[in-house]
Amino acid sequence: MDILTVSHLTKTYGEGETATVALNDVSLSVAEGEFVAIVGSSGSGKSTLLHLIGGVDRPTSGRVMVNGIDVYSRSDEELAVFRRREVGLVYQFYNLVPVLNVVENITLPVALDGRPVNQQRLADLVAKLGLRGREGHLPSQLSGGQQQRVAIGRALMNAPSVLLADEPTGNLDTKNSADIMQLLRASNRELGQTMLVITHNEEIALAADRIIAIEDGRIVRDERIRR
Ligand code: ADP
Ligand code: ADP
């Protein structure tokens with residue numbers, strides 16, 4: 001089953017002579033459980049694509065379907081709920097809430113949604129992320145790699161239809177990057193978590209099931225990796 005379908009998606013920033021076409025008629029489908037790497041040079045439209053799939057912005061035209069939901073038929077309020085329930089976002093610079101501790105950051109989307117925390121899932125996640133004993137730490141008391149693991153926990157806590165990661169290892173050294181990659185891979189294999197990961201990291205791209213390359217707002221390559 002396709003968990004994600006993008007149809008004729010176009011995004012233009014600005015108007016008139018200064019307008020930038022960031023995405024130009026992009027269509028793609030992703031099956032449930034796929035691990036997709038998105039590659040391409042800086043400014044090619046990768047982040048714009050991820051944000052439009054994640055309900056963070058609105059497209060100029062085209063359609064995004066996530067888990068059967070026609071994302072942009074929704075009101076802004078419904079979109080906020082969509083972002084908390086259906087997608088998990090991971091950024092290069094973690095975007096943790098500085099005044100909340102590890103557990104509070106991980107459970108924030110659930111709390112914002114007014115739903116009870118699944119304590120078993122939380123405990124499993126904390127263990128899997130290697131964050132046991134750090135539950136009460138603030139982001140400032142954690143290394144970059146640990147902060148990114150918290151961000152991944154927050155993204156996975158709601159078991160999203162799609163986890164969307166924008167250069168998740170871009171701020172990390174080789175060892176921490178490898179750890180993050182393994183975590184993403186493990187959650188893909190063990191939980192069947194669908195993943196879309198923007199990356200310049202060759203190892204991540206090669207670990208994916210599929211590589212989509214974007215240039216100038218268009219898909220220029222889309223290939224499955226044979227093993
Ligand atoms: P990538 O993630 O591949 O680096 P982006 O999606 O960030 O590419 O950007 C694609 C194009 O859209 C670039 O030309 C960028 O300058 C432009 N762009 C991105 N965000 C905005 C914005 N908020 N306002 C204006 N232009 C933008
Ligand atoms: P929402 O409106 O659904 O909270 P946002 O785009 O505001 O969506 O936030 C995206 C994610 O970042 C959410 O999972 C949310 O829990 C988290 N978040 C919200 N506010 C902040 C903040 N100030 N700093 C870091 N992360 C935040």
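The first residue of the sequence shown is numbered 1, and numbering continues consecutively from there. Read the numbers this way: they start at 1 and go in the same order the structure lists the ligands and their atoms.
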Name the closest protein heavy atom to atom 12 (O) of ligand 1, giving the residue it belongs to and the distance to 0.1 Å. Ala22 CB, 3.3 Å

What I'd like to find out is whether the side chain of Val197 reaches to under 4.5 Å of the side chain of Pro168, using heavy atoms alone. yes

Please classify the Thr48 to ligand 1 contact at 4.0 Å (heavy-atom distances, strictly less than): side chain, backbone, both or neither. both

Which residue owns the protein heavy atom closest to atom 7 (O) of ligand 1, what's the atom, and how far is it? Ser47 CB, 3.7 Å

For Thr20, take its heavy atoms, then give the atoms of ligand 1 lying under 4.0 Å from any of them. 12 (O), 14 (O)

Gly43, any N or O under 3.5 Å of ligand 1 N or O: yes

Less than 4.0 Å is my threshold; does some heavy atom of Ser44 fall inside it relative to ligand 1? yes

Measure across Gln147 and Leu96 and return the closest heavy-atom pair with its distance rounded to 0.1 Å. O-CD1, 3.5 Å

Can Glu167 and Thr199 be said to form a side chain to side chain donor-acceptor pair (under 3.5 Å), step by step? CA-CA 5 Å; Glu167 294 283 3; Thr199 188; 4.5 Å; no

Any heavy-atom pair between the side chains of Met157 and Leu122 that's under 4.5 Å? yes

As a test of the contact definition, would atom 3 (O) of ligand 1 count as having a protein heavy-atom neighbour under 4.0 Å? yes

Any protein heavy atom under 4.0 Å from atom 15 (C) of ligand 1? no

Is it the case that the side chain of Ser75 and the backbone of Glu78 share a donor-acceptor pair, with hydrogens and angles ignored and the cut-off at 3.5 Å? yes

Residue, atom and distance of the protein heavy atom nearest atom 19 (C) of ligand 1 read Tyr13 CE1, 3.3 Å

Without swapping roles, check the side chain of Thr5 against the backbone of Asp2 for a donor-acceptor pair under 3.5 Å. no

Arg63 to Tyr72 six-membered ring, cation-pi geometry met (6.0 Å, 45°): no

Within a distance under 4.0 Å of any heavy atom of Ser42, pick out the atoms of ligand 1 and give their elements. 4 (O)

Please confirm whether Ser41 approaches ligand 1 to less than 4.0 Å, judged on its heavy atoms. yes

Above 12 or not: heavy atoms from other molecules or residues under 6.0 Å from CZ of Arg218? no

How close does the nearest protein non-hydrogen atom get to atom 8 (O) of ligand 1, and which residue and atom is it? Gly45 N, 3.1 Å

